[in-house]
Amino acid sequence: MSSPQVQTSEVLFRCSRIGDLISGSEGLTARQDDRLTELRIKQELGKISDTQLIELGTLIDKQKNVKAIGKTTESYVKSVWLQNEFGYKEDVMTDEMMKGLLCEQDSFGLVKTVLGGEFRAKNTKRFRNEFIEGTPDVILRKEDYVEDVKSSYNLRTFTEAELIKLYEWQGQGYMWLTGKKKYRLIYCLVPTPEEIIVEQKKRWYYKFNCDESNPHYIEAAVQIEHNNEIVKTLAPEFRIKVFEFDFDPEKIELLKVKIQSCREYYKTLKLPKYKKP
Amino acid sequence: MTTPIFQEVQDDLRVKLENFTKLLNKQPKQEELHKTPDGKAYHYPISYVEMSLDEIFFGLWSTENFKWSAIQNEVQGSIDLVVFHPMTGFTIRRTGAASVQIMVDATPEEIKNDKQAKNAWSIDVLNKKPNALDMGFPKLKAECVKNAALSLGKAFGRDINRKLVDEFNPLISGSDKALMKTIESAINSNRFESARSIIESSKLAVEVKNELLSRLPKGINLERVDSEKQAKRILDHINGSRSLEELEEVYEHVRDYNYLDLYTQKKDELSTSTNK
């Protein structure tokens with residue numbers, strides 16, 4: 001199943017972004033597939049109603065859509081092309097991302113405290129196959145699990161955290177790469193490090209003309225501290241959210257088809273050349 | 001009118017001058033001070049004076065206008081010590097004066113108790129030792145240099161025999177204490193931007209500034225933070241392991257963090273308790 005270190009000349013896509021490749025074109029579900037077959041039979045027998053005919057057309061469109069490339073996908077493939085071709089990349093580091101990186105180990109510790117099980121060591125090995133590449137957070141040795149640990153930015157984002165498509169596809173990608181059959185997406189709420197708290201306060205500081213005695217600045221700074229203090233008062237079991245799912249070979253087949261389409265699109269990319277009108 | 005930039009340069013020069021004057025007024029080391037032959041006072045030997053001149057003025061010093069004259073049994077002299085101020089490049093001239101007694105033969109026993117006869121003996125040129133000035137004359141020059149140098153500051157032995165001495169009170173950095181208090185207060189109340197601004201615009205010595213700036217939150221090194229945190233988790237895991245199986249979960253990482261000895265020790269402990 002897994003082929004960890006494959007050499008390929010074809011463009012590889014990162015697991016964390018394969019959700020963007022699939023975006024808006026996930027093909028038919030199993031039930032929709034059955035319905036399509038059923039409607040085709042009806043059509044062949046001449047026993048299809050107008051409503052069913054419209055439904056059939058919609059399903060066929062959706063089925064064909066697997067190979068279609070939407071705007072999100074185009075944009076992502078273009079960014080991969082720019083990086084591979086020119087080394088062009090736009091680095092972004094939001095406070096949320098910074099917290100994720102700074103608190104990864106704190107979150108691993110919280111996972112071990114609440115879920116138990118083996119020691120979670122950060123995986124640093126990059127896996128790749130003929131299609132995708134990626135570095136999963138944690139690969140458990142004793143269990144058939146890959147874990148992805150997300151550190152929520154604050155109490156609100158933690159309460160809103162759900163299993164989103166992007167993470168689901170990322171999980172499928174990691175399972176495909178590592179050969180593991182189960183995936184655990186874990187959201188953790190851990191205190192924000194002082195460095196980020198200072199950054200948050202700084203923004204208010206500049207907003208109020210670098211006046212630390214400004215009452216609005218003081219109020220904002222106190223609130224920032226308070227928001228972080230709340231996290232410290234919550235028991236560990238209230239600071240963790242777990243979503244589990246299994247490896248889905250069908251999804252991987254769909255992904256392969258999609259990647260082929262994306263590669264074809266990738267090959268068409270070039271810089272626009274000026275032509276005299 | 002003084003422009004802000006000129007003011008800055010001027011301020012900077014004043015701080016440099018002040019810091020240099022502080023250096024000139026640093027007390028010499030106790031072990032470099034020696035008792036005078038009569039044992040009643042201390043002196044700072046010429047070797048240390050010259051070496052201090054070399055060190056503080058980077059060898060840029062010289063002597064000029066060595067003048068002397070003999071008065072009865074003494075030779076008195078004066079000399080100009082010229083140093084180049086390393087901050088300004090200007091020369092500073094200090095005159096030193098001293099005298100040495102011309103050595104005569106020992107006073108005969110029969111007049112030792114007669115003060116006038118004894119004095120008459122010592123000023124009679126016929127009693128002068130033939131080579132009395134072989135050592136005496138260079139000594140006069142050395143004493144003149146020492147005398148000139150001590151007016152530069154305490155570092156050259158200015159106050160070593162004085163009962164009433166004054167201390168150098170810096171005009172600019174004299175307000176350092178109040179400034180430090182303000183900075184400390186800003187740091188302690190997490191007003192880091194204010195603290196940084198005060199420190200950077202202050203006239204504190206560079207080393208003091210750096211020390212204070214090092215106490216402000218630094219830029220983040222993500223790899224270092226991650227590595228330190230993982231190291232701590234592994235350490236806690238080793239210490240908290242209650243079975244060999246649990247301990248072995250971190251085996252592949254112990255070398256990365258130099259915990260192999262600790263790991264082995266814990267493994268032995270757990271093996272022993274298991275066997276019991």
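Hydrogens, waters and symmetry mates play no part in the numbers below; they use all other heavy atoms, side chains included. Quick caveat: nothing in here was measured; it's all calculated off a predicted structure. Numbers restart at 1 for each chain; the letters A, B, ... are given by sequence-line order, proteins then strands.
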Visitor: So which bits of residues 99-113 of chain A come within less than 4.5 Å of chain B, counting non-hydrogen atoms only?
Guide: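 Answer by number: A/Leu101, A/Leu102, A/Cys103, A/Glu104, A/Gln105, A/Asp106, A/Phe108, A/Gly109, A/Lys112.
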
Visitor: Heavy-atom distances under 4.5 Å only: say whether B/Glu245 touches chain A with side chain, backbone, both or neither.
Guide: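 Interface part for B/Glu245: both.
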
Visitor: Determine whether more than 12 heavy atoms belonging to other residues, nucleotides or ligands lie under 6.0 Å from atom CE of A/Met97.
Guide: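 Correct, the count exceeds 12.
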
Visitor: Run the side chain to side chain donor-acceptor pair (under 3.5 Å) test against B/Lys267 and tell me which residues pass, sequence neighbours left out.
Guide: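 Side chain to side chain donor-acceptor pair (under 3.5 Å) check on B/Lys267 returns nothing, list empty.
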
Visitor: With side chain to side chain donor-acceptor pair (under 3.5 Å) as the rule and sequence neighbours excluded, what pairs involving residues 235-244 of chain A come up?
Guide: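 Non-adjacent pairs meeting side chain to side chain donor-acceptor pair (under 3.5 Å): A/Tyr145-A/Glu244, A/Arg184-A/Glu244.
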
Visitor: Taking the inter-plane angle between the rings of A/Phe119 and B/His237 on a 0 to 90° scale, is it parallel (under 30°), tilted (30 to 60°) or perpendicular (over 60°)?
Guide: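 Taking B/His237 first and then A/Phe119, their aromatic rings stand perpendicular (interplane angle over 60°).
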
Visitor: Apply side chain to side chain donor-acceptor pair (under 3.5 Å) to B/Glu31 and list each qualifying residue two or more places apart in sequence or on a separate chain.
Guide: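 Per chain and number, B/Glu31 pairs via side chain to side chain donor-acceptor pair (under 3.5 Å) with no residue.
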
Visitor: Let me know if A/Tyr205 has heavy atoms under 4.5 Å from chain B in its side chain, its backbone, both or neither.
Guide: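 Looking at A/Tyr205, just its side chain touches chain B.
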
Visitor: Can B/Glu248 and A/Arg141 be said to form a salt bridge (charged side-chain N to carboxylate O under 4.0 Å, His left out), step by step?
Guide: CA-CA 11 Å; B/Glu248 280 162 5; A/Arg141 293 162 64 204; over 6 Å; no

Visitor: Restricting to non-hydrogen atoms, name the atom on B/His253 and the atom on A/Ala121 that form the minimum distance, rounded to 0.1 Å.
Guide: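 Heavy atoms only, the tightest pair is NE2-CB, 3.1 Å.
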
Visitor: Could you go through the salt bridge (charged side-chain N to carboxylate O under 4.0 Å, His left out) check for B/Glu249 and A/Lys142 one step at a time?
Guide: CA-CA 9 Å; B/Glu249 287 171 8; A/Lys142 296 177 185 171; 2.9 Å; yes

Visitor: For atom OH of B/Tyr42, is the number of surrounding heavy atoms from other residues, nucleotides or ligands below 6.0 Å larger than 12?
Guide: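 Counting neighbours around OH of B/Tyr42, 12 or fewer heavy atoms of other residues, nucleotides or ligands fall under 6.0 Å, so no.
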
